[in-house]
Number of protein chains: 2
Amino acid sequence: MDALIDETDARLLRLVQRDARLTAAQLSERLNLSPSACHRRLQRLEASGVIRNTVALLNARAVGRPTTVFVEISLSTQADDVLDAFEAAVARIPDVLECHLMTGSYDYLLKVVARDSEDFATIHRRHLARLPGVAKLQSSFALKTVFNTTALPV
Amino acid sequence: MDALIDETDARLLRLVQRDARLTAAQLSERLNLSPSACHRRLQRLEASGVIRNTVALLNARAVGRPTTVFVEISLSTQADDVLDAFEAAVARIPDVLECHLMTGSYDYLLKVVARDSEDFATIHRRHLARLPGVAKLQSSFALKTVFNTTALPV
DNA sequence: GTATCGATGCAAATTTCTTGCGCACCATTT
DNA sequence: AAATGGTGCGCAAGAAATTTGCATCGATAC
């Protein structure tokens with residue numbers, strides 16, 4: 001089930017991580033391979049789960065979400081059922097793009113996108129502060145996102 | 001240049017943010033629209049920059065990068081040229097997926113992916129600690145990524 | 001030396017993309 | 001009320017890309 005990734009696969013992955021709309025013919029030009037071989041490799045990488053998904057990335061500013069905030073959350077307890085309830089509830093907030101369980105001085109780190117700081121205040125009050133088990137919230141605003149890529153090094 | 005996004009556009013964007021490989025015909029079934037109208041709307045959304053890119057998302061575990069670390073960085077000064085040099089240098093480290101200039105008690109927040117904690121130690125020593133202007137680094141490990149989406153609320 | 005397995009290139013069939021065209025609808029003007 | 005201009009729609013045809021069967025090649029195992 002786990003696929004071995006040779007150098008050709010790696011080059012394919014590097015390309016489609018930047019632009020998933022390259023055609024098999026375009027990929028094949030850069031790989032010294034036939035289009036059908038490219039296509040079959042991509043099929044295999046997708047079937048084996050190396051490629052999780054292919055998605056459109058939006059311009060956050062164009063859709064009115066230019067503000068990124070990172071929120072450190074401490075829970076009142078680390079009991080399993082509290083963590084589960086927290087995770088289930090936070091997954092339902094569409095403003096939260098990422099949720100990580102952390103080591104260290106707080107329990108969860110969230111990445112939140114808001115329309116502006118006032119909008120974040122609303123999200124904070126209406127959603128984040130009401131999450132089950134929350135003891136403490138600390139928010140840090142991004143003044144500017146220098147870069148933000150989804151391309152993993154391969 | 002800025003596109004008005006009506007409800008049909010929004011529904012299109014919600015769909016292609018989850019799966020950019022839906023065909024115009026498949027999209028049209030869910031939107032009560034013809035395939036060609038879907039296609040033209042997507043063209044417009046892309047031309048106007050609302051859709052920034054379409055990319056393949058990889059399984060971090062499958063490509064050997066299961067470990068996510070957030071690194072808070074304080075610089076020795078906030079002089080413009082130091083910030084510029086820092087940003088240019090950090091953009092060249094492929095292990096760093098995100099870099100945000102922050103308000104608050106530190107200057108930059110980085111999201112880094114590593115093979116394991118030992119690999120992160122190497123990245124830390126070889127790349128992060130050598131970035132220009134760095135005064136202090138504080139790293140926080142993610143024990144588990146509960147979720148991680150690129151889909152902005154639209 | 002031979003068999004086997006996996007991957008390749010080629011080519012045909014299918015599907016999808018892409019765009020020109022005419023039409024309908026709506027708002028504004030005359 | 002009629003005319004006008006603009007926008008977006010569906011249809012349909014041509015172009016392009018995907019998808020798959022097949023024969024072949026090369027490496028590895030026996």
Side-chain angles (χ1 to χ4, degrees), chain A residues 1-65 150-154, chain B residues 1-65 150-154:
Chain A
M1 187 62 51
D2 64 332
L4 297 192
I5 295 177
D6 63 17
E7 182 52 31
T8 301
D9 284 336
R11 288 163 66 191
L12 259 172
L13 291 173
R14 284 193 284 271
L15 289 168
V16 297
Q17 278 194 113
R18 309 286 170 180
D19 185 356
R21 294 225 270 219
L22 291 168
T23 65
Q26 289 171 316
L27 292 168
S28 72
E29 288 171 16
R30 311 183 194 194
L31 294 188
N32 199 26
L33 206 65
S34 74
S36 65
C38 284
H39 182 258
R40 269 188 263 247
R41 279 173 178 267
L42 284 175
Q43 274 185 330
R44 191 171 58 80
L45 289 166
E46 185 153 7
S48 66
V50 175
I51 295 178
R52 178 162 47 104
N53 206 355
T54 123
V55 303
L57 301 180
L58 306 191
N59 180 333
R61 186 159 278 104
V63 295
R65 296 282 177 159
T150 54
L152 299 172
V154 177
Chain B
M1 189 61 52
D2 65 331
L4 297 191
I5 296 176
D6 64 16
E7 181 54 31
T8 302
D9 284 337
R11 288 163 67 191
L12 260 173
L13 291 172
R14 284 193 284 270
L15 288 168
V16 298
Q17 278 193 112
R18 309 286 169 181
D19 185 355
R21 292 225 273 219
L22 292 168
T23 66
Q26 290 170 315
L27 292 168
S28 72
E29 290 172 15
R30 313 184 194 193
L31 293 189
N32 198 26
L33 206 65
S34 75
S36 66
C38 284
H39 183 259
R40 267 188 264 248
R41 278 173 179 266
L42 284 175
Q43 273 185 329
R44 192 171 57 82
L45 288 166
E46 186 153 8
S48 67
V50 176
I51 295 177
R52 179 162 46 103
N53 205 354
T54 124
V55 303
L57 301 180
L58 306 191
N59 180 332
R61 185 158 281 105
V63 296
R65 295 282 178 159
T150 54
L152 299 172
V154 177

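Numbers restart at 1 for each chain; the letters A, B, ... are given by sequence-line order, proteins then strands. These numbers come from the heavy atoms of this one structure, side chains and all, not from hydrogens, waters or symmetry mates.
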- Base D:dC11 paired with B:S36 side chain (donor-acceptor, <3.5 Å): yes
- Note on the structure: B:H39 atom NE2 is separated from D:dG10 atom P, nearest whole Å, by 15 Å
- Among the candidates C:dT18, C:dG9, D:dA17, find the nucleotide nearest to the side-chain atoms of B:Q43. C:dT18
- Item | Heavy-atom closest contact (B:A24 atom, B:P35 atom, distance) | CB-O, 3.6 Å
- Query: Looking at the side chain of B:R40, which of C:dT19, C:dC17, D:dG8 is the nearest nucleotide?
  - Reply: C:dT19
- For the residue pair B:L58 and A:R52, what are the closest heavy atoms and their distance? O-NE, 3.7 Å
- Item | Nearest-Å distance for atom pair CG/C1', residues A:D9 and C:dG6 | 13 Å
- For A:R18 and B:N53, the nearest pair of non-hydrogen atoms, with its separation, is O-ND2, 3.1 Å
- Query: Tell me: CG of A:L42 to C1' of D:dT19, nearest whole Å?
  - Reply: 13 Å
- Query: Between B:R41 (CZ) and C:dT18 (C1'), how many Å, whole number?
  - Reply: 17 Å
- Between atom CG in B:L4 and atom P in D:dG6, what is the gap in whole Å? 18 Å
- Grab the CD-C1' distance between B:E7 and D:dG8 for me, whole Å please. 17 Å
- Note on the structure: To the nearest angstrom, the CG-P distance between B:L27 and D:dG10 comes to 13 Å
- Message: If you compare all heavy atoms of B:L33 against all heavy atoms of B:S28, which two are closest, and at what distance to 0.1 Å?
- Response: O-CB, 3.0 Å
- Note on the structure: With the side chain defined as heavy atoms from C-beta on, B:T23 is closest, among D:dC9, C:dT16, D:dT18, to C:dT16
- Note on the structure: Whole-Å distance, B:R44 CZ to D:dT7 C1', equals 10 Å
